[in-house]
2 protein chains.
Amino acid sequence: MQHWIFDREAEMLASWQEAMPTARILSRSEVSNIPGGEPGILWCRLRSGEAMDDVLSAIHGAPRYPLVLFCDEPSDAIVMKALEAGAAGCCNTHAAPEVLRQVALVVGNGGLWVGQSLLRQLVGSTARTLGQRSREEKRDDWAQLLSEREVQVARLVAGGASNKEVASQLSITERTVKAHLGAIFEKLSLRDRLQLSVRVNGLTV
Amino acid sequence: MQHWIFDREAEMLASWQEAMPTARILSRSEVSNIPGGEPGILWCRLRSGEAMDDVLSAIHGAPRYPLVLFCDEPSDAIVMKALEAGAAGCCNTHAAPEVLRQVALVVGNGGLWVGQSLLRQLVGSTARTLGQRSREEKRDDWAQLLSEREVQVARLVAGGASNKEVASQLSITERTVKAHLGAIFEKLSLRDRLQLSVRVNGLTV
DNA sequence: TCGGCTATTGAACCAAAGTACAGTCCGCCG
DNA sequence: CGGCGGACTGTACTTTGGTTCAATAGCCGA
C-alpha cells in the first residue's frame with residue numbers, strides 16, 4: 001500500500017512518518033507524478049483557513065485512489081462535506097499514528113472512515129428520524145450514575161460556576177463541593193470540570 | 001486483547017478461530033466468569049429468530065467491555081437497534097476473518113463499527129439535516145470577535161483540552177496558550193475556560 | 001445491629017489556570 | 001516612516017482546582 005500525502009508545504013509530520021514510513025509527500029502541483037495501478041491512498045491536508053474546494057480541485061487530476069482529508073480543525077460539517085465530495089474519510093491532522101494506521105486499513109479496503117463524534121451523531125439523528133427512543137435517555141446517562149446531590153453540583157459546574165459559587169448556591173462549603181466533584185470525576189471517568197461540561201452539555205468530542 | 005464470545009451453543013466458527021485465536025467461547029449462563037480489568041471485547045451472536053432484547057439481557061451482568069453483535073441475518077435496522085442499545089458494533093456472523101480483525105481493532109480502540117451500506121446510507125440521508133443544523137447553531141458571534149489563532153485555541157479549550165494539550169497541538173508554548181486565552185477572555189468578557197466552553201458549545205444557561 | 005452509601009467538613013498539599021509586566025518579530029496602513 | 005495589532009515567549013506571582021489523608025453523621029437494607 002503506497003501513500004501519497006499532499007500539503008501546501010512539503011512538511012512531513014512525525015506521526016505521519018511513524019504510521020506510513022513509505023509515504024511520499026508531494027506539493028499540490030506534483031499531482032501528475034502519481035502513477036496509477038498500484039494500491040494506494042491519497043492524503044490531503046486542509047490547513048486552517050484553507051477552502052476545501054481549492055484543496056480538492058488542486059488534486060482533481062490525480063488517479064482514482066481513495067482520498068482521506070487531514071483537517072487541522074476538523075468539525076462534523078467539514079467531514080460531511082468531504083464525504084459528500086467523494087472522500088473516503090477525514091481525520092485530524094495531528095491524529096496519533098495508531099489512528100492513522102487504522103484509517104489506512106479501513107480506507108484501503110474500500111471502507112469509509114468517519115470520526116466517532118459524527119458517527120454517533122449520524123446514528124442518533126437517524127434513530128430520531130425513525131421515531132423510536134427519546135434522545136433524552138442517552139443524554140442523561142451521566143445523571144443516572146450520580147447521586148441526586150452530585151447531579152446538582154454537576155449541572156452547576158457544567159454551566160460555568162466556580163466551586164465557590166456552587167458552594168454558595170447549595171449552602172455548603174467549598175470543600176464539600178470538591179468532594180462531590182471528586183466523586184463525579186471518579187464515577188464518570190473524567191479528568192476535570194471541563195470534560196464534565198463537555199459531557200453534560202452533550203458536545204461531540 | 002481478550003475476546004469472549006457468547007452463543008446459545010458453544011460453537012466456535014472457523015472464521016472466529018482464525019481471527020481471534022485466543023478467544024474463549026461461553027454459553028450465556030457463564031457471563032459471571034468474565035473477569036474485569038484486562039482489555040477485551042464481548043461478542044454476542046444473534047441467531048435467526050432470536051430476539052435481540054433477550055440476547056442483550058442475557059449478558060447484562062457482564063463487566064463493561066465493548067460489545068459487538070454477531071448477526072446471522074444482519075439488516076440496517078438491527079444494526080441501528082444494537083447501536084442504540086449500547087453496542088459498539090454489529091457484523092455478519094459469517095464475516096471473513098480479515099473483517100473480524102478489523103472490527104476488533106476499531107472497537108478495541110473505543111470506536112464504533114458500522115457496516116458500509118449503513119454508513120453510506122447514514123451519510124446520504126442525513127447530509128442535509130446535519131448541514132442545516134450546523135449552520136443554524138453556528139452562531140459565530142464569538143468567533144467573529146476573535147483572531148484566527150484565538151478561534152483555534154478557543155475551539156480546542158472548549159472541547160476539553162488542557163493548556164498543555166493545546167500547546168502541543170498548535171506547536172506553541174503553554175505560555176502562549178495562556179496569552180491567547182487571556183485575550184479571548186477579555187474580548188468575550190468571560191472569566192475562565194469553563195465559561196468559554198459554555199459559550200462556544202452553545203449552552204442555554 | 002451492622003455494613004454500605006451518601007452528605008458533610010477539615011487540613012494540607014501539588015498541579016493547573018490565570019494575571020502582571022515584560023519583551024521580540026512581523027505585516028499593514030496612513 | 002512610525003504606530004498598531006497579532007503572534008509569540010519569558011519570569012514571577014496569585015488563585016483555583018483537584019487529591020490525599022482524615023473524620024462525623026444519617027439513612028437503609030440485609
Side-chain angles (χ1 to χ4, degrees), chain A residues 8-9 11 47-50 72-73 93-94 140-201 203 205, chain B residues 36 61 140-201 203:
Chain A
R8 203 177 46 198
E9 297 158 29
E11 173 193 358
R47 288 167 176 260
S48 300
E50 288 183 329
D72 282 24
E73 292 180 53
T93 300
H94 302 95
D140 280 339
D141 75 317
W142 59 270
Q144 276 158 8
L145 297 170
L146 306 180
S147 72
E148 194 179 338
R149 199 59 158 168
E150 286 163 351
V151 171
Q152 292 177 0
V153 173
R155 288 228 162 86
L156 288 169
V157 167
S162 68
N163 287 345
K164 194 169 295 186
E165 287 167 343
V166 173
S168 166
Q169 292 227 6
L170 300 182
S171 299
I172 54 180
T173 67
E174 209 177 326
R175 176 64 190 85
T176 308
V177 175
K178 288 185 177 183
H180 286 311
L181 274 176
I184 292 168
F185 297 151
E186 167 77 18
K187 288 181 177 176
L188 301 182
S189 303
L190 301 174
R191 189 212 299 158
D192 53 32
R193 59 209 297 118
L194 215 11
Q195 297 196 340
L196 175 61
S197 170
V198 169
R199 174 78 174 266
V200 169
N201 297 330
L203 177 67
V205 165
Chain B
D140 270 340
D141 70 313
W142 61 270
Q144 276 158 9
L145 297 170
L146 305 179
S147 73
E148 192 183 338
R149 199 58 159 168
E150 286 162 353
V151 170
Q152 292 177 1
V153 174
R155 288 226 166 87
L156 289 169
V157 168
S162 68
N163 287 344
K164 192 168 296 189
E165 287 166 344
V166 173
S168 166
Q169 287 252 332
L170 299 183
S171 299
I172 55 181
T173 66
E174 208 175 326
R175 177 64 191 82
T176 308
V177 175
K178 288 183 177 182
H180 287 311
L181 273 176
I184 292 169
F185 296 154
E186 169 77 15
K187 288 180 178 177
L188 300 182
S189 303
L190 301 175
R191 189 211 300 156
D192 52 33
R193 58 210 298 116
L194 233 331
Q195 296 195 341
L196 175 62
S197 170
V198 170
R199 176 77 172 268
V200 170
N201 296 330
L203 178 66

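Below, chains carry the letters A, B, ... as their sequence lines are ordered, and counting in each starts from 1.
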Inset, instruction - Look up atom CG in A:L145 and atom CD in A:E186, then write down how far apart they are to the nearest 0.5 Å. - result: 12.0 Å
Legend entry - Within-4.5 Å side-chain heavy-atom neighbours: A:L146 and A:K187: yes
Legend entry - Shortest side-chain distance from B:K178, nucleotide among C:dA7, D:dT16, C:dA17: C:dA17
Legend entry - Integer-rounded Å distance: D:dG6 C1' and B:H180 NE2: 8 Å
Legend entry - Nucleic acid contacts - residues 167-177 of chain B versus DNA chain C, non-hydrogen atoms under 4.0 Å: B:R175
Inset, instruction - Compare all side-chain heavy atoms of A:N163 with those of A:K178 and state whether any distance is below 4.5 angstrom. - result: yes
Inset, instruction - To the nearest 0.5 Å, tell me how far A:L190 CG sits from A:I184 CD1. - result: 9.0 Å
Legend entry - A:L146 CG - C:dC5 C1' separation (whole Å): 14 Å
Inset, instruction - Using whole Å, report how far CG of A:L145 lies from C1' of C:dT6. - result: 16 Å
Legend entry - Minimum-distance pair of heavy atoms, taken over all atoms of A:A143 and A:V151: O-CG2, 3.7 Å
Inset, instruction - Determine: side-chain N/O of A:S147 to OP1/OP2 of C:dC5, distance under 4.0 Å, yes or no. - result: no
Inset, instruction - Provide, to the nearest angstrom, the distance between the CG atom belonging to A:L196 and the C1' atom belonging to D:dG17. - result: 13 Å
Inset, instruction - Using atom CG of A:N163 as one end and atom C1' of C:dT9 as the other, report the distance to the nearest whole Å. - result: 15 Å
Inset, instruction - For A:A179, answer base if it contacts any base atom (sugar-phosphate contacts may also be present), sugar-phosphate if it contacts only those atoms, and nothing otherwise; contact means non-hydrogen atoms under 4.0 Å. - result: base
Inset, instruction - Starting at CG of B:D192, measure out to CD of B:Q195 and round the result to the nearest 0.5 Å. - result: 5.0 Å
Inset, instruction - To the nearest 0.5 Å, tell me how far B:W142 CH2 sits from B:E150 CD. - result: 11.0 Å
Legend entry - Atom pair distance, as rounded to whole Å: CD in A:Q152 and P in C:dT8: 8 Å
Inset, instruction - Round to the nearest Å and state the distance from A:E165 atom CD to D:dT16 atom C1'. - result: 12 Å
Inset, instruction - Within residues 184-194 of chain B, find the residues that approach DNA chain C with a heavy atom at under 4.0 Å, and present them sorted by residue number. - result: B:F185, B:D192, B:R193
Inset, instruction - Taking the side chain as every heavy atom from C-beta outward, state whether B:L170 and B:T176 have any atom pair closer than 4.5 Å. - result: no
Inset, instruction - With the side chain counted from C-beta on, respond yes when A:H180 and A:V177 share a heavy-atom pair under 4.5 Å apart, and no when they do not. - result: no
